[in-house]
Amino acid sequence: MSDTYNNSVQTVPKPGNRWGEKRYYSLDYYLKETYGKKLYKIALDGGMTCPNRDGTLGYGGCIFCSAGGSGDFAGDRNLSITRQLEEGRMLLTDKYQGDSYIAYFQAYTGTYGPVPRLRQMFTEAVRYPGVEILSVATRPDCLPPEVLSLLGELSCKKPVWIELGLQTIHPDSADFIRRGYALPVFEQAVRELRSIGISIIVHIILGLPDEDTKAMLATIDYLNGLDIQGIKLSLLHILEGTDLAGHYRQHPFPVMTLKEYLMLLGQCISRLRPDIVIHRLTGDGPKPLLIEPRWTANKRFVLNQIQSYLKSQDIWQGRSISNGRAFDSL
(Lines give C-alpha, C1' and ligand atoms only; values in the text may rest on other atoms or scores of the structure.)
Protein backbone atom coordinates (compact mmCIF):
# COMPACT_ATOMS: atom_id res chain seq x y z
CA MET A 1 0.00 0.00 0.00
CA SER A 2 1.18 3.52 -0.73
CA ASP A 3 2.41 5.74 2.08
CA THR A 4 -0.29 8.25 1.21
CA TYR A 5 -4.00 8.10 0.76
CA ASN A 6 -5.23 8.52 -2.80
CA ASN A 7 -7.29 11.62 -2.17
CA SER A 8 -9.75 12.24 -4.98
CA VAL A 9 -11.70 14.94 -3.09
CA GLN A 10 -12.55 17.90 -5.26
CA THR A 11 -14.03 21.21 -4.16
CA VAL A 12 -16.31 20.35 -1.25
CA PRO A 13 -19.87 21.70 -1.53
CA LYS A 14 -21.79 23.27 1.32
CA PRO A 15 -23.07 20.52 3.58
CA GLY A 16 -26.78 21.26 3.72
CA ASN A 17 -28.09 18.29 5.73
CA ARG A 18 -25.11 16.15 4.78
CA TRP A 19 -24.19 15.32 8.39
CA GLY A 20 -27.53 15.96 10.04
CA GLU A 21 -27.53 19.16 12.05
CA LYS A 22 -23.75 19.39 12.25
CA ARG A 23 -21.22 20.91 9.90
CA TYR A 24 -18.77 18.06 10.22
CA TYR A 25 -18.75 14.28 10.01
CA SER A 26 -19.37 13.47 13.65
CA LEU A 27 -19.00 10.07 15.28
CA ASP A 28 -22.65 10.21 16.33
CA TYR A 29 -23.73 10.70 12.71
CA TYR A 30 -21.46 7.90 11.48
CA LEU A 31 -22.82 5.44 14.06
CA LYS A 32 -26.45 6.24 13.35
CA GLU A 33 -25.79 6.05 9.62
CA THR A 34 -23.95 2.72 9.92
CA TYR A 35 -25.86 0.98 12.71
CA GLY A 36 -29.17 2.80 12.59
CA LYS A 37 -28.86 3.74 16.26
CA LYS A 38 -26.61 5.34 18.83
CA LEU A 39 -23.78 3.31 20.35
CA TYR A 40 -22.47 4.15 23.82
CA LYS A 41 -18.80 3.94 24.69
CA ILE A 42 -17.72 2.06 27.80
CA ALA A 43 -14.14 2.92 28.79
CA LEU A 44 -12.09 -0.02 30.07
CA ASP A 45 -8.76 -0.54 31.79
CA GLY A 46 -7.00 -3.73 30.77
CA GLY A 47 -4.29 -3.38 33.42
CA MET A 48 -1.59 -2.45 30.93
CA THR A 49 1.35 -0.14 31.36
CA CYS A 50 3.37 1.64 28.67
CA PRO A 51 6.93 1.37 27.29
CA ASN A 52 7.24 5.03 28.22
CA ARG A 53 6.62 4.10 31.87
CA ASP A 54 8.15 0.68 32.50
CA GLY A 55 11.69 1.64 31.52
CA THR A 56 11.66 0.29 27.97
CA LEU A 57 11.66 3.86 26.64
CA GLY A 58 11.37 5.85 29.84
CA TYR A 59 9.73 6.04 33.25
CA GLY A 60 7.68 9.22 33.29
CA GLY A 61 5.26 8.59 30.45
CA CYS A 62 4.36 11.31 27.98
CA ILE A 63 4.66 14.71 29.61
CA PHE A 64 0.90 15.35 29.55
CA CYS A 65 -0.18 11.88 30.68
CA SER A 66 -1.88 11.55 34.05
CA ALA A 67 -1.34 8.79 36.58
CA GLY A 68 -4.33 7.04 35.03
CA GLY A 69 -2.55 6.71 31.70
CA SER A 70 -5.10 8.94 29.94
CA GLY A 71 -7.77 6.58 31.22
CA ASP A 72 -9.06 8.69 34.09
CA PHE A 73 -12.64 7.86 33.17
CA ALA A 74 -12.01 4.16 32.52
CA GLY A 75 -13.17 1.23 34.61
CA ASP A 76 -11.42 -0.35 37.57
CA ARG A 77 -8.47 -2.44 36.41
CA ASN A 78 -8.92 -4.72 39.39
CA LEU A 79 -12.19 -5.97 37.91
CA SER A 80 -12.63 -8.37 35.03
CA ILE A 81 -13.47 -6.93 31.62
CA THR A 82 -16.96 -8.40 31.89
CA ARG A 83 -17.48 -6.73 35.26
CA GLN A 84 -16.18 -3.39 33.95
CA LEU A 85 -18.57 -3.63 31.02
CA GLU A 86 -21.42 -4.50 33.35
CA GLU A 87 -20.75 -1.53 35.61
CA GLY A 88 -20.36 0.77 32.61
CA ARG A 89 -23.63 -0.49 31.18
CA MET A 90 -25.45 0.15 34.46
CA LEU A 91 -24.12 3.71 34.63
CA LEU A 92 -25.29 4.34 31.08
CA THR A 93 -28.70 2.86 31.77
CA ASP A 94 -29.26 5.55 34.40
CA LYS A 95 -28.79 8.25 31.74
CA TYR A 96 -29.69 6.85 28.33
CA GLN A 97 -31.98 4.43 26.59
CA GLY A 98 -29.85 2.07 24.56
CA ASP A 99 -28.29 -1.37 24.56
CA SER A 100 -25.45 -1.16 22.04
CA TYR A 101 -21.87 -0.38 23.04
CA ILE A 102 -18.30 0.28 22.01
CA ALA A 103 -15.84 -1.56 24.25
CA TYR A 104 -13.05 1.01 24.54
CA PHE A 105 -9.70 -0.02 26.03
CA GLN A 106 -8.69 3.51 26.95
CA ALA A 107 -6.08 3.39 29.71
CA TYR A 108 -2.33 3.28 29.03
CA THR A 109 -1.20 1.29 25.95
CA GLY A 110 -3.92 -1.19 25.07
CA THR A 111 -1.83 -3.62 23.01
CA TYR A 112 1.22 -3.62 25.28
CA GLY A 113 1.03 -7.07 26.79
CA PRO A 114 1.38 -10.81 26.11
CA VAL A 115 -0.78 -11.93 23.21
CA PRO A 116 -2.60 -14.64 25.24
CA ARG A 117 -3.66 -12.00 27.74
CA LEU A 118 -4.74 -9.60 24.99
CA ARG A 119 -6.69 -12.38 23.30
CA GLN A 120 -8.53 -13.21 26.52
CA MET A 121 -9.44 -9.58 27.26
CA PHE A 122 -10.44 -8.55 23.77
CA THR A 123 -12.43 -11.74 23.18
CA GLU A 124 -14.22 -11.24 26.50
CA ALA A 125 -15.13 -7.73 25.38
CA VAL A 126 -16.45 -8.59 21.91
CA ARG A 127 -18.54 -11.44 23.34
CA TYR A 128 -20.28 -9.19 25.85
CA PRO A 129 -23.97 -8.72 24.93
CA GLY A 130 -24.53 -5.50 23.03
CA VAL A 131 -20.88 -4.78 22.18
CA GLU A 132 -20.79 -3.84 18.51
CA ILE A 133 -17.25 -2.45 18.19
CA LEU A 134 -13.89 -3.08 19.84
CA SER A 135 -11.78 0.08 20.13
CA VAL A 136 -8.23 0.01 21.49
CA ALA A 137 -6.02 3.01 22.24
CA THR A 138 -2.35 2.21 21.76
CA ARG A 139 1.01 3.34 20.43
CA PRO A 140 2.19 2.65 16.88
CA ASP A 141 5.36 1.07 18.26
CA CYS A 142 3.30 -1.51 20.18
CA LEU A 143 1.85 -3.40 17.24
CA PRO A 144 4.15 -6.37 16.59
CA PRO A 145 3.15 -8.98 13.98
CA GLU A 146 1.52 -11.31 16.50
CA VAL A 147 -0.69 -8.48 17.82
CA LEU A 148 -1.63 -7.45 14.29
CA SER A 149 -2.58 -11.06 13.58
CA LEU A 150 -4.83 -11.10 16.66
CA LEU A 151 -6.49 -7.84 15.68
CA GLY A 152 -7.10 -9.13 12.17
CA GLU A 153 -8.67 -12.29 13.61
CA LEU A 154 -10.93 -10.29 15.92
CA SER A 155 -11.99 -7.98 13.10
CA CYS A 156 -13.64 -10.98 11.42
CA LYS A 157 -16.01 -11.13 14.42
CA LYS A 158 -16.63 -7.46 15.18
CA PRO A 159 -15.30 -4.18 13.76
CA VAL A 160 -11.98 -3.22 15.37
CA TRP A 161 -10.80 0.35 15.74
CA ILE A 162 -7.24 1.22 16.70
CA GLU A 163 -6.60 4.65 18.17
CA LEU A 164 -3.05 5.89 17.64
CA GLY A 165 -1.58 8.73 19.67
CA LEU A 166 0.32 10.80 17.11
CA GLN A 167 -0.29 14.21 18.74
CA THR A 168 1.96 16.10 16.29
CA ILE A 169 4.15 15.60 13.22
CA HIS A 170 6.85 18.00 14.41
CA PRO A 171 10.00 16.40 15.88
CA ASP A 172 10.72 19.17 18.39
CA SER A 173 7.22 18.91 19.82
CA ALA A 174 7.40 15.11 19.83
CA ASP A 175 10.62 15.34 21.83
CA PHE A 176 9.05 17.84 24.24
CA ILE A 177 6.09 15.59 25.00
CA ARG A 178 8.42 12.52 25.16
CA ARG A 179 6.41 10.64 22.58
CA GLY A 180 9.23 8.14 22.13
CA TYR A 181 8.89 7.17 18.47
CA ALA A 182 9.66 8.75 15.08
CA LEU A 183 7.11 9.57 12.40
CA PRO A 184 8.04 6.62 10.13
CA VAL A 185 6.96 4.25 12.93
CA PHE A 186 3.50 5.80 12.84
CA GLU A 187 3.36 5.56 9.06
CA GLN A 188 4.31 1.89 9.14
CA ALA A 189 1.61 1.17 11.70
CA VAL A 190 -0.98 2.86 9.48
CA ARG A 191 0.07 0.75 6.49
CA GLU A 192 0.03 -2.49 8.45
CA LEU A 193 -3.30 -1.84 10.13
CA ARG A 194 -4.99 -0.87 6.90
CA SER A 195 -3.58 -3.94 5.13
CA ILE A 196 -5.69 -6.09 7.47
CA GLY A 197 -8.75 -3.86 7.29
CA ILE A 198 -8.50 -2.19 10.70
CA SER A 199 -9.99 1.29 11.02
CA ILE A 200 -7.61 3.92 12.39
CA ILE A 201 -8.42 6.89 14.60
CA VAL A 202 -5.59 9.36 15.18
CA HIS A 203 -5.23 11.53 18.28
CA ILE A 204 -3.67 14.97 17.88
CA ILE A 205 -3.07 17.71 20.44
CA LEU A 206 -3.65 21.36 19.61
CA GLY A 207 -1.90 24.07 21.59
CA LEU A 208 1.47 22.44 22.23
CA PRO A 209 4.09 25.02 23.28
CA ASP A 210 5.98 26.59 20.36
CA GLU A 211 3.50 25.30 17.76
CA ASP A 212 1.81 28.15 15.91
CA THR A 213 -1.30 27.86 13.76
CA LYS A 214 0.72 27.01 10.67
CA ALA A 215 2.45 24.12 12.45
CA MET A 216 -0.81 22.69 13.80
CA LEU A 217 -2.51 22.89 10.42
CA ALA A 218 0.48 21.08 8.91
CA THR A 219 -0.43 18.08 11.07
CA ILE A 220 -3.97 18.18 9.67
CA ASP A 221 -2.67 18.42 6.10
CA TYR A 222 -0.34 15.47 6.72
CA LEU A 223 -3.17 13.29 8.01
CA ASN A 224 -5.29 14.18 4.99
CA GLY A 225 -2.73 12.30 2.92
CA LEU A 226 -2.96 9.07 4.92
CA ASP A 227 -5.53 6.28 4.84
CA ILE A 228 -7.11 7.03 8.20
CA GLN A 229 -10.78 6.82 9.09
CA GLY A 230 -11.12 9.01 12.16
CA ILE A 231 -9.52 11.76 14.21
CA LYS A 232 -9.67 13.04 17.77
CA LEU A 233 -8.83 16.72 18.20
CA SER A 234 -7.82 17.70 21.72
CA LEU A 235 -6.66 20.93 23.27
CA LEU A 236 -3.60 20.56 25.46
CA HIS A 237 -4.71 20.09 29.07
CA ILE A 238 -2.41 20.74 32.00
CA LEU A 239 -3.32 18.33 34.78
CA GLU A 240 -2.09 18.03 38.35
CA GLY A 241 0.33 15.16 38.83
CA THR A 242 1.76 15.33 35.32
CA ASP A 243 5.25 16.41 34.37
CA LEU A 244 3.64 19.03 32.16
CA ALA A 245 2.20 20.67 35.28
CA GLY A 246 5.67 21.00 36.76
CA HIS A 247 7.05 22.37 33.51
CA TYR A 248 4.19 24.88 33.26
CA ARG A 249 4.81 26.19 36.76
CA GLN A 250 8.53 26.59 36.14
CA HIS A 251 8.27 27.79 32.54
CA PRO A 252 4.80 29.28 31.96
CA PHE A 253 3.64 29.30 28.37
CA PRO A 254 0.52 30.82 26.76
CA VAL A 255 -2.64 28.76 27.11
CA MET A 256 -5.37 29.14 24.50
CA THR A 257 -8.49 31.11 25.28
CA LEU A 258 -11.84 29.76 24.15
CA LYS A 259 -11.95 32.33 21.34
CA GLU A 260 -8.50 31.32 20.11
CA TYR A 261 -9.43 27.65 20.20
CA LEU A 262 -12.64 28.22 18.27
CA MET A 263 -10.72 30.03 15.53
CA LEU A 264 -8.08 27.31 15.34
CA LEU A 265 -10.61 24.49 15.42
CA GLY A 266 -12.56 26.14 12.64
CA GLN A 267 -9.48 26.13 10.44
CA CYS A 268 -8.71 22.50 11.29
CA ILE A 269 -12.24 21.37 10.42
CA SER A 270 -12.26 23.43 7.24
CA ARG A 271 -9.05 21.76 6.07
CA LEU A 272 -9.94 18.22 7.13
CA ARG A 273 -10.83 15.65 4.47
CA PRO A 274 -14.63 15.29 4.65
CA ASP A 275 -14.64 11.47 4.78
CA ILE A 276 -12.67 11.43 8.06
CA VAL A 277 -14.97 10.94 11.04
CA ILE A 278 -14.37 13.45 13.84
CA HIS A 279 -14.56 11.51 17.12
CA ARG A 280 -13.73 14.44 19.39
CA LEU A 281 -13.51 18.23 19.13
CA THR A 282 -12.13 18.94 22.58
CA GLY A 283 -10.92 17.03 25.59
CA ASP A 284 -12.09 17.16 29.17
CA GLY A 285 -9.66 16.28 31.91
CA PRO A 286 -10.92 15.42 35.41
CA LYS A 287 -12.02 18.70 37.00
CA PRO A 288 -10.16 18.12 40.29
CA LEU A 289 -6.91 17.74 38.31
CA LEU A 290 -7.42 20.50 35.74
CA ILE A 291 -5.00 23.41 36.03
CA GLU A 292 -5.47 25.00 32.60
CA PRO A 293 -7.39 25.84 30.49
CA ARG A 294 -10.09 26.21 33.12
CA TRP A 295 -12.78 27.05 30.57
CA THR A 296 -12.65 23.48 29.23
CA ALA A 297 -14.28 22.20 32.44
CA ASN A 298 -17.73 23.07 31.08
CA LYS A 299 -17.73 20.67 28.16
CA ARG A 300 -21.35 21.16 27.12
CA PHE A 301 -20.87 24.93 26.97
CA VAL A 302 -17.70 24.53 24.89
CA LEU A 303 -19.39 22.16 22.43
CA ASN A 304 -22.30 24.58 22.04
CA GLN A 305 -19.86 27.40 21.38
CA ILE A 306 -18.12 25.31 18.73
CA GLN A 307 -21.40 24.63 16.91
CA SER A 308 -22.37 28.30 17.07
CA TYR A 309 -18.98 29.42 15.80
CA LEU A 310 -18.99 27.03 12.83
CA LYS A 311 -22.44 28.26 11.85
CA SER A 312 -21.69 31.96 12.31
CA GLN A 313 -18.50 31.68 10.25
CA ASP A 314 -20.12 29.40 7.64
CA ILE A 315 -17.49 26.70 8.20
CA TRP A 316 -17.93 23.04 7.29
CA GLN A 317 -15.59 20.09 7.11
CA GLY A 318 -13.52 20.18 3.94
CA ARG A 319 -14.52 23.71 2.98
CA SER A 320 -10.89 24.67 2.35
CA ILE A 321 -10.07 21.60 0.25
CA SER A 322 -9.91 21.91 -3.52
CA ASN A 323 -8.58 19.23 -5.86
CA GLY A 324 -7.31 17.21 -2.93
CA ARG A 325 -5.27 20.07 -1.42
CA ALA A 326 -6.02 22.56 1.31
CA PHE A 327 -5.97 26.25 0.64
CA ASP A 328 -6.09 29.07 3.17
CA SER A 329 -9.54 30.63 3.09
CA LEU A 330 -10.27 31.63 6.69
**Report entry** Salt-bridge present (D76, R83; N to O < 4.0 Å)
**Finding:** no
Report summary line: Nearest heavy-atom contact between I81 and D45 is CD1-O, 4.3 Å
Requested in this report: Over all heavy atoms of both residues, which pair between S135 and E163 is shortest? Give the atoms and the distance, please.
Outcome: OG-OE2, 3.0 Å
Report summary line: side-chain contact (heavy atoms from CB on, under 4.5 Å) with L272: of L223, I321, I220, only one passes, and it is I220
Query - For S173, side-chain hydrogen bond (donor to acceptor under 3.5 Å, both in side chains) partners two or more places apart - result: E211
Query - Main-chain N/O of M256 paired with W295 side-chain donor or acceptor, under 3.5 Å - result: yes
Query raised in the report: By side-chain hydrogen bond (donor to acceptor under 3.5 Å, both in side chains), which residues pair with N298, not counting sequence neighbours?
Result: none
Query raised in the report: How far does OG of S80 sit from CD of E86, to the nearest 0.5 angstrom?
Result: 9.5 Å
**Report entry** Face-on cation placement of K38 at Y40 ring, 6.0 Å and 45° thresholds
**Finding:** yes
Query - Pair F105 and F122, ring centroids less than 6.0 Å apart - result: yes
Query raised in the report: Can you name the residues that form a side-chain hydrogen bond (donor to acceptor under 3.5 Å, both in side chains) with S199, not counting sequence neighbours?
Result: none
Query raised in the report: Given the rule in the side-chain hydrogen bond (donor to acceptor under 3.5 Å, both in side chains) test, do Y25 and E33 qualify, once you have shown the distances and angles that lead to the verdict?
Result: CA-CA 11 Å; Y25 195 3; E33 183 183 49; 3.2 Å; yes
Query raised in the report: Looking only at atom types and distance, does a side-chain atom of Q84 sit under 3.5 Å from a main-chain N or O of L44, one as donor and one as acceptor?
Result: no
Report summary line: Applying salt bridge (charged side-chain N to carboxylate O under 4.0 Å, His left out) to K158 and not counting sequence neighbours gives none
Query raised in the report: Applying salt bridge (Lys or Arg N to Asp or Glu O under 4.0 Å), which residue pairs with at least one partner in residues 100-119 are found, sequence neighbours left out?
Result: R119-E153
Query raised in the report: How far apart are the C-alpha atoms of D54 and T56, what are their side-chain angles, what is the distance that settles it, and do they pass the side-chain hydrogen bond (donor to acceptor under 3.5 Å, both in side chains) test?
Result: CA-CA 6 Å; D54 69 1; T56 303; 2.8 Å; yes
Query raised in the report: If you look only at pairs with a residue in residues 174-232, which of them pass as a ring-ring contact (aromatic ring centres under 6.0 Å, His included), with sequence neighbours excluded?
Result: F176-H247
Query - Closest non-hydrogen atom pair between T82 and E124, with its separation - result: OG1-OE2, 2.6 Å
